[in-house]
Amino acid sequence: MSIIYHSSDKMYDVIQEDDRILQIMSRMGLPLGFGEKTVGEVCRENNVDAVTFLALANYTIGGKNVAGYYIDKVSVASLMDYLIRCHHYFRDFLLPYVRRLLIEAVNYSETNKVAFLIIKFYDEYVNAIEHHTKIENTKIFPGVRQLLNGYVNPDFHISNFVKSHEGMDQKLTELRNIVIKYYTSPNPNHQEHIYTALEQIIRLGATMKAHCELEDCLFVPAVQLLEEKTPVGKMSFPKKKNLEMEELSEREKELLSYVVQGLTNKEIATKLFISINTVITHRKNISRKLNIHSVAGLTIYAIVNDIVSLDNIKNSMFD
Ligand SMILES: [Fe+2]
Ligand SMILES: [Fe+2]
């Protein structure tokens with residue numbers, strides 16, 4: 001196994017190797033117009049981890065074997081960021097785009113049984129993908145984020161949460177077969193539409209397959225390695241009393257427990273019989289006292305300091 005591209009190579013040369021690298025650039029927030037700059041230069045200028053970019057690019061070109069080389073080198077945070085951006089791209093652009101093409105191609109109507117079935121199968125496929133990515137966004141990524149902060153959640157192990165990707169493409173394959181075998185266009189002049197839609201269905205299947213493989217071959221093993229390296233019980237937030245940290249009042253603790261359970265400012269105000277402005281002031285004070293400014297960080301603090309139980313968080317997150 002050899003690594004094809006390094007950070008000293010020109011970005012343009014890497015892209016020339018495989019068009020799919022343009023998609024990686026897009027998902028990593030790397031702009032075009034980089035001229036003769038190297039991978040290292042382009043990544044540095046855009047605050048992108050060059051090793052992660054190279055891992056994705058070389059993996060795309062070289063296949064699964066390359067993933068093994070990068071497991072202990074890749075930035076898990078950057079890789080997770082990339083996967084999240086991919087999920088957004090699927091939900092907001094790719095899946096609706098293919099649906100529009102299909103609708104246009106089959107002249108969707110309930111009276112045309114095959115057309116109806118095609119859209120139905122497609123929508124079921126989209127639902128399955130959305131369900132899968134939702135689990136990753138709401139269960140897996142927050143757990144990995146805790147791990148990156150040095151906190152080992154005894155209830156979180158990536159291997160327990162990772163949903164098998166097997167069978168994910170089944171609906172799409174069925175859809176492809178229905179279109180190929182049974183769909184005849186009522187208007188022969190519209191043949192190109194259905195062929196275009198079919199091509200995009202096949203491309204969509206390949207994109208999803210590559211995404212799942214990347215999670216299985218690189219993301220999950222890299223997180224497993226992180227789990228092994230992070231000693232159980234290590235916590236990034238001080239437990240119980242910390243003399244350097246201002247104590248939260250009982251009221252603030254109560255309010256914090258609602259914040260981390262996902263209640264809105266309005267809901268908290270109603271619960272505590274106070275105004276929304278007072279809620280906002282409390283929240284600012286809590287963040288200032290703890291020097292923690294993200295809900296994820298506050299959540300970990302609240303769990304570690306027994307302000308809220310893990311079960312409460314789980315129930316609110318995974319409802
Ligand atoms: Fe995913
Ligand atoms: Fe996945």
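Start at 1 and go down the list; that is how both ligands and their atoms are numbered. All values below were derived from every heavy atom in this structure, side-chain atoms included, with hydrogens, water molecules and symmetry-related copies excluded. Quick caveat: nothing in here was measured; it's all calculated off a predicted structure.
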Checklist entry - Phe90 vs His87 aromatic rings, parallel, tilted or perpendicular, using cut-offs 30° and 60°? => result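 Taking His87 first and then Phe90, their aromatic rings sit tilted (interplane angle of 30° to 60°).
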Checklist entry - Is a side-chain donor-acceptor pair under 3.5 Å present for Gln170 with Glu174? => result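 Indeed, the side chains of Glu174 and Gln170 share at least one donor-acceptor pair under 3.5 Å.
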Checklist entry - Is the Fe ion (ligand 2) less than 2.8 Å from an N/O/S atom of Cys212, whether that atom is in the backbone or a side chain? => result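 Checking Cys212: none of its N, O or S atoms is under 2.8 Å.
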Item to check | Asp81 bridged to Arg27 by N-O distance under 4.0 Å | outcome: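 No, Asp81 and Arg27 are not salt-bridged.
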Checklist entry - With the Fe ion (ligand 1) at the apex, how many degrees lie between OE1 of Glu136 and NE2 of His211, rounded to 10 degrees? => result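 Here the angle at the metal atom is close to 180°, to 10°.
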Checklist entry - In Glu215, what N, O or S atom is nearest to the Fe ion (ligand 2), if we give its atom name? => result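 Distance check against the Fe ion (ligand 2) picks out OE1 in Glu215.
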Item to check | the Fe ion (ligand 2): angle it makes with NE2 (His165) and NE2 (His132), nearest 10 degrees | outcome: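 Vertex at the Fe ion (ligand 2): approximately 90°.
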Checklist entry - Hydrophobic clusters join Ile, Leu, Val, Met, Phe, Trp and Tyr when side-chain heavy atoms are under 4.5 Å apart, directly or via other members; which others share one with Ile280? => result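 Taking Ile, Leu, Val, Met, Phe, Trp and Tyr as members, Ile280 shares its hydrophobic cluster with Ile276.
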